[in-house]
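Notes follow once the structure below has been shown.
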Number of protein chains: 2
Amino acid sequence: MEKYRNIGIKLTPQRLAILHYMDGNKSHPSADTIYNAVSKKFPTMSVATVYNTLEALKNKGALQELTIEPGKKRYDPDNTPHHHLICVKCKDIIDIFKKFKLDLSDGMANGFEIKGHHIEFYGICPKCSKQH
Amino acid sequence: MEKYRNIGIKLTPQRLAILHYMDGNKSHPSADTIYNAVSKKFPTMSVATVYNTLEALKNKGALQELTIEPGKKRYDPDNTPHHHLICVKCKDIIDIFKKFKLDLSDGMANGFEIKGHHIEFYGICPKCSKQH
DNA sequence: TTTCTTGCAAAGATTTTGCAATTGC
DNA sequence: GCAATTGCAAAATCTTTGCAAGAAA
């Protein structure tokens, strides 16, 4: 795949399988979900390779690690800046592509050098609304 | 302690020790940090009790669970709505007490019923700026 | 007294690590 | 060929659970 050539990591078949699975994926999957999906087509795949690859891709900026669910990392292949809306019941996550201007006065930042921000909106998704 | 009477859980000595440790605590500690601190004065304290207590307090609205650091829950005794500024190097967290009005158009919310939001600002704290 | 909580240890879940064999470039 | 990566299993972390004994209300 040409499009992955410039990420800057060695493109092994395992990594390509993960990249293909993540490409355009809007479900914000966890490492475990990715492992289960990819190892179906790639039975010798090891979990360590999945973690290794996700870490490498994160460091190269090819995907974002989300710390939205406690005790579990989730991954987002969309590296344009955006926010997330999370269902508090089923933990479903959808993307919010709106820019917000959030100014902090210097006094609030306590000497921190501000680099960016991420907004988590909380709500209840239509599916969970219908139940109960 | 009178002030804890109305939380709605049984006030055991272990729970009081955790409540005292968390009261006014601005360091957003993890369960492990809390366990280490509280068990110094309370050597028979078990980790299970710490988790049990934190979960109970969270459910009663007496503290917030933060999912800011991957693989680890952190706790905040301040239950007024506020945001956080996180040092991307040392994971230090400070509170941001500013209200932001963030309107999502209905189209963006995808049918979700919005309940609230939380902003994570990212930056580098003064300590980490000086190093390196 | 009744119900909830504790402490302990074992189990679960997620992630990391060490290392020999293998592979991309 | 060299350096990076894989797969495997063991270990490290963090959290939850089962249950008998104990304590709060």
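Proteins get letters first, then strands, A, B, ... in listed order; numbering begins at 1 in each.
- Atom CD1 in A:Ile9 sits roughly 18 Å away from atom P in C:dT23 (whole-Å rounding).
- Near-neighbour residues of DNA chain C inside residues 29-40 of chain A, defined by a heavy atom below 4.0 Å, number-ordered: A:Ala31.
- Taking the six-membered ring for Trp and the full ring otherwise, the centers of B:Tyr122 and B:His84 sit at least 6.0 Å from each other.
- Checking the phosphate oxygens (OP1, OP2) of D:dT16, no side-chain nitrogen or oxygen of B:Asn52 falls inside 4.0 Å.
- Rounding to whole angstrom units, CD1 of residue B:Ile7 and P of C:dC4 are separated by 18 Å.
- Distance A:Lys58 NZ to C:dT15 P: 11 Å, rounded to the nearest Å.
- Applying the 4.0 Å criterion to OP1 and OP2 of D:dA24, one finds that B:Thr12 has every side-chain N and O outside that range.
- Contact annotation: A:Tyr51 side-chain N/O to C:dT15 OP1/OP2 distance is under 4.0 Å.
- Rounded to an integer number of Å, the gap from NZ of B:Lys72 to P of D:dT13 is 10 Å.
- Taking only side-chain nitrogens and oxygens, A:Arg15 never comes nearer than 4.0 Å to OP1 or OP2 of C:dG24.
- Residue A:Lys60 contributes atom NZ, which lies 12 Å from atom C1' of D:dA4 at whole-angstrom precision.
- When rounded to the nearest whole Å, the span between CG of B:Leu16 and C1' of D:dA25 equals 14 Å.
- In this structure, A:Gln14 does not reach the C:dT23 phosphate: none of its side-chain N or O atoms is under 4.0 Å from OP1 or OP2.
- Between D:dC14 and A:Lys73, no contact under 4.0 Å exists linking OP1 or OP2 to a side-chain N or O.
- Note: A:His83 and A:His118 have parallel aromatic rings, judged against thresholds of 30 and 60 degrees for the angle between ring planes.
- In this structure, B:Ala48 and B:Gly71 both approach DNA chain D, and ranking their closest nucleotides by distance from the 5' end singles out B:Gly71.
- Residue B:Ile119 is grouped with residue B:Ile96 when hydrophobic side chains (ILVMFWY) are merged at heavy-atom distances under 4.5 angstrom, including chains of intermediate members.
- Between B:Phe121 and B:Phe100, the ring-plane angle classifies as tilted under the 30° and 60° cut-offs.
- OP1 and OP2 of C:dC25 both lie 4.0 Å or more from every side-chain N or O belonging to A:Lys10.
- Rounding to whole angstrom units, CD1 of residue B:Ile18 and C1' of C:dG7 are separated by 13 Å.
- Using a 4.0 Å cut-off between a side-chain N of Lys or Arg and a carboxylate O of Asp or Glu, B:Lys3 and B:Asp23 qualify as a salt bridge.
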